[in-house]
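The block underneath contains the structure these notes are about, expressed in structure tokens.
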Amino acid sequence: MTGSESARPTVIRRALGSRSTWLGGACVVVYVMTALCAPLLAPYDPERLVGGSFASPSWAHWLGTDQLGRDLLSRVVYGARLSLLAGVVSVTVAVVVGATAGAMAGYFGGRVDAAIMRLIDVLLAFPGVLVALLVVTALRPGWGPVMLAVGLINVPVFCRQVRSTVLVVQKLDYVVAAQAAGAGSGYVLRHVVLPTLVAPVVVLATLGLGTAILEVAGLSFLGIAGELTQPEWGSMLNEAKNNLRSWGWRALAPGAAISLAVIGFNLLGDGLRDALDPQLTRVR
Amino acid sequence: MIAFIARRAVLALLTTFVAFAAAFVAIRALPNNPVLARFGQHAVPEQVVAKMDELGWDRPVWRQFIDFLVDVAATGDLGESFFYPERVVDGLARTFPATVELTLAALLIAVPLGIVAGVAAAVWHNRWPDYLCMAGALVGVSVPVFFLGILLMVAFQNMPTGGRLPLAMSYDRSTEFIVLESLLRGRWDVAAAALRHLCLPALALSSIPTAVVARVARSSMLDVLGADYVRTARAKGSAPQRVVFRHALPNASIPIANIAGLQLGQLLSGAVLTESVFNWPGMGTYLVAAVQRSDYNVVQGGVLLVAIVFVTLNLALDVLYVLLDPRLRHAPGAQ
């Protein structure tokens, strides 16, 4: 390897050579395409009452209908949209806040580091659900606050990773050289340190998408997101739980949908991590 | 060593205090007013003002905080719930043991199962036991616990769900550690009923920790099995089982113990979803309901307890880690 030009194709080739990247990537593609093409795939409008309530599966309604008579298959398909949106928004919040805080903590060290890391400790001392609940209640129940809350409880993950990467990187010769050449801390952070953070953050964000999807579904399962008509997997599971004896099996489709989406992001994240970190691959 | 522990202990105390203060302020910043909620739609404004004045909730938050600290210092009590005639201490004494028993039961499943799976995966590295265990671990961390709970309830319809004992069973007890207490008192019928109620929730809750322990056990064993002393042990003719269980596993156990401890902390504070699926009367559901009603004393008392448990546990783990690992004990940072 002579430089980054030749390093990058190696990483991509390694990533594509691993089975988990392919499998996970396939799950993620199916999931994203379902979300994007929901109107084409769903046989009915997910919010309209199209049949009797609690109808059993039939040719007209492959998965039957829910308590109000809405088509379940259409609701599962449309559910991918909210789940994907919530995952992406909350991970973006977590990456932006966490990476900024972590980079500052690692780069400036001393008091800045101590202050930021103590704040993170405090955040971790709370149960995540409670933090999310406080945020959502404060901002009035709804999807926006839920995404923000899930983003917030995932900040520590990114903050710690970025901080530890920055701590390692800033001792490397080329960073010291840039500083010695008179580059300001803003320039060093953006042009010298930031590029090294991309790889670990991409891996963590991929894995984080899975976690965020789980957490969003969990909050809406608990009913924290408030009353909704929009189809969402977590609240569909809650409806199934409330009528367990008669139609517990209706939990299968939304539950499997969440599980597959999360498995996809976890596999993809593992594959990317192995590709980006050759040492890890050697050990395995 | 002493200085290291002292420094960590001070930090832990500080973290607990800040977490408590944050909860105290945050719960009062919520838009819903508990007094209005309790008096209902037909509240007379004067009545509400008078109640707020009586409780001191119309004062500035910093003032309320100081008043509360003085109160706690004087009486050692966390106050009463605003919605139920129950002291916060009693509410926590009722719900915390339920969460502790659930968590411990889940870990009792997760740790042995995770270690067996992880060791098997490492020993038969890149063969079918490895693939099977890793696929299982992937599913374990990916399937939502509330979905797993529903599946378990549908699959085992004859198992009890909801609560910790059958409604018909009355049983005098002095603590809410039902399983533990009934076992100590020799009340086998109560213990059996309580264990039956505990089965499914604990199984559901154990999915993530089992997967996490299995992954750590596998990678930790792989590291150790590749080490020179293991090769030496093999070369001198030790039996394969002896190499795995006598030479490798003890040395691979430190990261496993650490991750199990971390999971304990996570579960104690994070069993809300499992408790909700199985109507388990634990602390998670207690606190979530309290936040939704803005029951100030319950929320701040609960957060205080959770923070103390979590922070103390992490402190204990840090210390244990240093004690167990001679390399850390002699590292410059530990002195």
Side-chain angles (χ1 to χ4, degrees), chain A residues 20 24 114 118-119 121-131 133-141 207 210-211 213-215 217-219 221-224 233-234 237-238 240-241 244-245 247-252 254-267 270 280 283-284, chain B residues 11-12 14-23 26-27 29-32 125-126 138-139 141-151 153-155 157 161 218-219 222-223 226 265-266 268-273 276-277 283-285 287-288 291-292 294 299 302-303 306-308 310-311 314:
Chain A
S20 64
R118 289 302 79 77
L119 268 180
D121 281 349
V122 169
L123 192 57
L124 285 174
F126 282 96
V129 177
L130 218 57
V131 175
L133 186 54
L134 280 170
V135 172
V136 175
T137 317
L139 301 174
R140 299 273 174 226
L207 294 169
T211 317
I213 289 169
L214 271 182
E215 282 162 350
L219 289 179
F221 177 80
L222 289 174
I224 285 168
W233 293 337
L237 280 174
N238 192 25
K241 180 221 154 193
L244 191 70
R245 298 283 162 185
W247 59 305
W249 55 268
R250 273 162 226 248
L252 279 179
I258 302 176
S259 309
L260 280 179
V262 179
I263 286 178
F265 282 113
N266 279 339
L267 274 174
D270 283 346
L280 230 63
V283 171
R284 284 175 182 201
Chain B
L11 268 183
L14 207 66
T15 308
T16 314
F17 184 76
V18 176
F20 172 69
I27 185 72
L30 296 188
N32 35 359
H125 185 217
N126 279 339
L138 177 66
V139 172
V141 293
S142 304
V143 171
V145 66
F146 43 98
F147 178 46
L148 189 60
I150 293 174
L151 289 182
M153 283 195 283
V154 172
Q157 299 222 350
T161 55
R218 173 178 176 269
S219 71
L222 281 179
D223 278 350
Q266 292 273 316
L268 278 178
S269 62
V272 181
L273 283 165
S276 161
V277 179
M283 195 171 54
T285 31
L287 286 187
V288 166
V291 173
Q292 282 170 329
S294 284
V299 173
V303 166
V306 171
I308 288 176
F310 189 79
V311 168
N314 279 328

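These numbers come from a predicted model, not from an experiment. Sequence lines set the chain letters: A, B, ... in the order given, protein chains first and strands last, and positions in each chain run from 1.
- For the options A/G234, A/A217, A/G128, A/G210, heavy-atom pairs under 4.5 Å to chain B are most numerous at A/A217.
- We find the CG-CG distance between B/N314 and A/L124 to be 8.5 Å, quoted to the nearest 0.5 Å.
- Distance CG/A/L260 to OG/B/S142: 9.5 Å, rounded to 0.5 Å.
- The minimum heavy-atom distance linking B/L273 with A/G218 is given by the pair CD2-O, 3.5 Å.
- When each of B/L287, B/L148, B/V311, B/V277 is scored by its heavy-atom pairs under 4.5 Å with chain A, the top score falls to B/V277.
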Trace of the side chain to side chain contact (heavy atoms under 4.5 Å, CB included) decision for B/V306 with A/F126:
CA-CA 7 Å; B/V306 171; A/F126 282 96; over 6 Å; no
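- In this structure, chain A has a heavy atom under 4.5 Å from the side chain of B/L11, while its backbone stays farther away.
- With sequence neighbours left out, B/F147 forms a ring pair (Phe, Tyr, Trp, His ring centres under 6.0 Å) with no residue at all.
- Neither the backbone nor the side chain of B/A12 comes within contact range of chain A; no heavy atoms are under 4.5 Å apart.
- Taking CG of B/L138 as the reference point, atom CG of A/N266 lies at 6.0 Å (rounded to 0.5 Å).
- When all heavy atoms of A/F221 and B/S276 are compared, the pair lying nearest together is CE2-OG, 3.9 Å.
- For the options A/L119, A/T211, A/T137, A/V136, heavy-atom pairs under 4.5 Å to chain B are most numerous at A/T137.
- Heavy-atom distances place the side chain of A/L130, and not its backbone, under 4.5 Å from chain B.
- In this structure, B/V143 and A/V262 have side chains that are not in contact, with every pair of non-hydrogen atoms separated by 4.5 Å or more.
- The CG atom of A/L133 sits 8.5 Å away from atom CD1 of B/I27, with the distance rounded to the nearest 0.5 Å.
- Top candidate by heavy-atom pairs under 4.5 Å with chain A, chosen from B/V18, B/L30, B/V141, is B/L30.
- Atom CG of residue A/L237 and atom CD1 of residue B/I150 lie 5.0 Å apart, to the nearest 0.5 angstrom.
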Under the side-chain hydrogen bond (donor to acceptor under 3.5 Å, both in side chains) criterion, do B/T15 and A/D121 qualify, and how do the steps go?
CA-CA 7 Å; B/T15 308; A/D121 281 349; 4.7 Å; no
